[in-house]
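All figures in this text were calculated on a predicted structure; none of them were measured in a lab.
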Amino acid sequence: MSGSKDQSVETHTVSDEYLRKRQLKKGVAGWVLLASLGVSYVISGDFAGWNFGLERAGFGGMLLATIVMGLMYMCLVLSLAEMSSSIPTAGGGYSFARRALGPWGGFLTGTAILLEYAIAPAAIAIFIGGYVNELIGIDGPVVYAAFYCVFVGIHLWGAGEALRIMMGITLLAVIAIIVFALGMLPHFDSNNLFDIAVNSDVAGASAFLPEGYMGIWAALPFAMWLFLAVEGVPLAAEEATNPAKDMPRGIIASMLVLIVFAAVVLILVPGGAGAEAMKSHSAPLVGALQSVYGTESLAAKFVNLVGLFGLIASFFSIIYAYSRQVFALSRAGYLPRFLSLSGERKVPVWALIVPGVIGFLLSLSGEGDLMITMAVFGATVSYALMSLSHIILRRKEPALERPYKTPGGTLTSGIALLLSLVALASTFVVSLQAALWSALFYAVMLTYFALYSRHRIVANAPEEEFDLISGAESELS
């Protein structure tokens with residue numbers, strides 16, 4: 001057992017052979033590919049899911065919720081850009097929190113990220129089923145299983161190959177959004193934005209806010225769906241060509257692109273087809289085009305077909321994200337160690353397969369909006385902890401090498417922390433059931449850590465080496 005500075009855990013030094021069996025392929029991702037990865041994580045949110053916020057809040061409420069969440073994500077991304085350039089490991093947010101908050105803080109953050117990334121693909125699989133049903137009339141478990149098998153299989157083929165395929169799929173999805181925008185612009189009518197009936201029984205109700213002030217709060221999880229998972233870019237740090245430069249460029253560029261896409265779909269979908277008609281549509285971009293050009297129109301069919309690639313892009317890339325988070329937590333001993341075995345092709349085999357099976361089983365519920373809320377619960381917990389980590393690292397380690405520095409410093413991360421707590425509270429407003437299921441998952445994972453894995457932490461895993469170094473420095477001083 002090593003001399004861990006934190007007495008609440010027990011760390012053990014493993015052999016070099018252990019780490020050799022748990023390696024990722026380095027140098028496969030430059031900043032352009034990382035930016036594409038960030039867009040890919042999120043782009044499915046433009047094609048389905050966000051429009052449920054129209055039902056909760058109307059256009060005005062959803063617009064305000066999107067502005068607030070866009071600010072939160074921008075502040076978070078700027079904070080992550082700094083930390084990922086300073087601490088470039090596959091653990092991403094878990095690595096940052098581990099360094100700032102210790103092993104318990106690292107595990108809390110990693111578990112929250114894992115909750116988000118294990119559940120988000122299940123929600124996306126359900127939305128994929130809706131698009132496939134529009135195309136060929138097939139939906140349900142057969143579709144979900146086929147997509148999980150194919151895309152987990154591609155990731156097992158190799159990281160470089162998977163990321164390049166993902167970039168191509170993402171480009172197709174971007175083309176679909178551009179075609180949608182060009183097709184809907186001539187049909188935009190601002191009156192369509194405000195056609196949802198006003199609920200006169202709630203405070204602040206108006207044509208702009210048909211569900212009143214509370215509607216804004218209830219729409220926050222769906223506004224997050226337009227940006228959810230962009231924070232996963234740092235999970236590719238160990239596979240980046242030059243993490244110090246590539247990580248900040250990649251994550252900031254992807255966020256800027258996503259803000260533009262969010263504005264396009266939020267304004268043109270209800271502005272062309274009406275907020276009332278689109279508030280619960282399973283494929284809102286397709287539905288909007290069908291409403292103005294007809295169900296058999298070429299534009300609608302094209303966006304339905306190519307728009308499917310938007311869902312596939314996020315589904316595909318979040319599989320990458322959950323595998324790297326599981327890999328990092330497992331390599332360091334927080335999760336069962338076999339999950340980080342990487343095989344000959346240097347991809348985390350079991351970290352891809354096991355969460356994939358769990359996600360498929362969750363998709364069988366068919367509750368896409370419930371899955372969104374559960375993913376948002378995990379995301380907001382992780383955002384709060386990552387933002388707090390940025391603040392603590394700035395104060396605890398002012399001399400830490402920072403190739404990129406967050407504009408605004410701790411004020412920026414403080415805004416992200418505050419807004420993430422507001423968003424977390426909103427999940428209980430939207431669906432108490434989803435929040436409670438998420439809390440149960442958290443409780444199970446924390447029990448596992450408290451009773452078992454905290455006694456088996458791998459001291460020489462990359463994310464844990466800081467504790468060894470700082471512990472040795474304490475002994476020398």
request  = Look only at the side chain of Ser365 and the backbone of Leu362, and say whether a donor-acceptor pair between them is shorter than 3.5 Å.
outcome  = yes

key: OG1-CG distance between Thr380 and Leu419, expressed to the nearest 0.5 angstrom   = 12.0 Å

ask   = Which heavy atom in Gly378 sits nearest to a heavy atom in Leu115, and how many Å separate them?
value = CA-CD2, 3.6 Å

Donor-acceptor contacts under 3.5 Å from residues 426-433 side chains, at least two apart:
unit_1: Ser426; atom_1: OG; unit_2: Ala423; atom_2: O; d: 2.5
unit_1: Thr427; atom_1: OG1; unit_2: Leu424; atom_2: O; d: 2.7
unit_1: Ser431; atom_1: OG; unit_2: Ala434; atom_2: N; d: 3.1

request  = Please round to the nearest 0.5 Å and tell me the distance separating atom CD of Gln325 and atom CD1 of Ile113.
outcome  = 4.5 Å

inquiry  = Quick check: do Phe96 and Leu80 have side-chain heavy atoms less than 4.5 Å from each other?
reply    = yes

task = Could you list the residues that satisfy ring pair (Phe, Tyr, Trp, His ring centres under 6.0 Å) with Phe316, not counting sequence neighbours?
result = Phe151, His155

query = Just how far is it from atom OG1 of Thr410 to atom CD1 of Ile415, taken to the nearest 0.5 Å?
reply = 10.0 Å

query = Is there a donor-acceptor pair closer than 3.5 Å between any side-chain N or O of Lys279 and the backbone N or O of Gly53?
reply = no

inquiry  = According to side chain to side chain donor-acceptor pair (under 3.5 Å), does anything in residues 53-73 pair up with another residue at least two apart or in another chain? List the pairs.
reply    = Tyr73-Tyr383

request  = Dump the intermediate steps for side-chain contact (heavy atoms from CB on, under 4.5 Å) on Leu226 and Met69, then the final yes or no.
outcome  = CA-CA 9 Å; Leu226 291 165; Met69 290 296 94; over 6 Å; no

request  = Using side chain to side chain donor-acceptor pair (under 3.5 Å) as the criterion, list what pairs up with Ser85, not counting sequence neighbours.
outcome  = none

ask   = Closest approach of Ile126 and Glu367, non-hydrogen atoms and distance?
value = CD1-N, 3.6 Å

task = Find out whether Phe227 and Met74 are in side-chain contact, i.e. whether some heavy atom of one side chain is under 4.5 Å from a heavy atom of the other.
result = no

remark   = With sequence neighbours left out, the residues meeting salt bridge (charged side-chain N to carboxylate O under 4.0 Å, His left out) with Arg402 are Glu82

task = Quick one: do Phe449 and Val9 satisfy side-chain contact (heavy atoms from CB on, under 4.5 Å)? Show the steps, please.
result = CA-CA 10 Å; Phe449 181 64; Val9 299; 4.1 Å; yes

remark   = d(Ile216 CD1, Glu211 CD) to nearest 0.5 Å is 11.5 Å

inquiry  = Can you give me the closest heavy-atom contact between Ile457 and Ser453, atom names plus distance?
reply    = CD1-O, 3.3 Å

ask   = Do the side chains of Glu10 and Arg454 get nearer than 4.5 Å, heavy atoms only?
value = no

remark   = Contacts of Ser330 meeting side chain to side chain donor-acceptor pair (under 3.5 Å) (sequence neighbours excluded), chain-then-number -> Ser340

query = Just wondering, do Pro407 and Leu78 contact through their side chains at under 4.5 Å, heavy atoms?
reply = yes

query = Between Arg456 and Arg337, is any pair of side-chain heavy atoms under 4.5 Å apart?
reply = yes

message = For Ala100 versus Leu393, what's the shortest heavy-atom pair and its separation?
response = CB-CG, 3.7 Å

note = With sequence neighbours left out, the residues meeting salt bridge (charged side-chain N to carboxylate O under 4.0 Å, His left out) with Glu17 are Arg20

request  = Provide the closest heavy-atom pair for Gly250 versus Leu34 in the form atom of the first, atom of the second, distance.
outcome  = CA-CB, 4.1 Å

query = With a 4.5 Å limit on heavy-atom distance, are the side chains of Ser420 and Met72 in contact?
reply = yes

request  = Give a yes or no answer on whether the side chain of Tyr94 reaches the backbone of Leu329 with a donor-acceptor pair at less than 3.5 Å.
outcome  = no

request  = Tell me, please, which residues at least two apart from Ser323 pass side chain to side chain donor-acceptor pair (under 3.5 Å).
outcome  = none

task = Over all heavy atoms of both residues, which pair between Phe315 and Ala125 is shortest? Give the atoms and the distance, please.
result = CE1-CB, 4.1 Å

key: Atom pair CZ/CG of Phe261 and Leu266 - distance to nearest 0.5 Å   = 15.0 Å

task = Determine whether Phe327 and Leu339 make a side-chain contact, defined as any pair of heavy atoms from C-beta on separated by less than 4.5 Å.
result = no

message = Determine whether a donor-acceptor pair (N or O, by modelled atom type, separation under 3.5 Å) exists between the side chain of Trp217 and the backbone of Val422.
response = yes

remark   = Value for CG (Leu285) from CD1 (Ile177), rounded to nearest 0.5 Å, stands at 7.0 Å

request  = Taking the six-membered ring for Trp and the full ring for Phe, Tyr or His, determine whether the centres of Trp437 and Phe377 are under 6.0 Å apart.
outcome  = no

ask   = Do you know which of Pro234, Pro243, Pro403 makes side chain to side chain contact (heavy atoms under 4.5 Å, CB included) with Ser84?
value = Pro234

Under 3.5 Å, sequence neighbours excluded: what are the donor-acceptor pairs made by side chains of residues 39-47?
unit_1: Ser40; atom_1: OG; unit_2: Thr170; atom_2: OG1; d: 3.2
unit_1: Ser40; atom_1: OG; unit_2: Ala313; atom_2: O; d: 2.9
unit_1: Ser40; atom_1: OG; unit_2: Ser317; atom_2: OG; d: 3.2
unit_1: Tyr41; atom_1: OH; unit_2: Gly232; atom_2: O; d: 3.2
unit_1: Ser44; atom_1: OG; unit_2: Ser314; atom_2: OG; d: 3.1

query = Is there a side-chain contact between Ser389 and Leu101, using heavy atoms and a 4.5 Å cut-off?
reply = yes

task = Could you pull out all residues at least two apart from Leu341 that satisfy side chain to side chain contact (heavy atoms under 4.5 Å, CB included)?
result = Lys21, Arg22, Phe338

inquiry  = Looking at Ser342 and Val347, would you say the former's side chain and the latter's main chain have a donor-acceptor pair under 3.5 Å?
reply    = no

query = Taking atom types as modelled, is there a side-chain donor on Tyr334 or Arg98 under 3.5 Å from an acceptor on the other?
reply = yes

Ser206 side chain to Leu209 backbone, donor-acceptor under 3.5 Å = yes

message = Main chain of Leu108, side chain of Tyr442: is a donor-acceptor contact present, judged purely on distance under 3.5 Å?
response = yes

ask   = What residues, two or more places apart in sequence or in another chain, satisfy ring pair (Phe, Tyr, Trp, His ring centres under 6.0 Å) together with Phe208?
value = none

note = For Ser413, the side chain to side chain donor-acceptor pair (under 3.5 Å) test, sequence neighbours excluded, returns His390

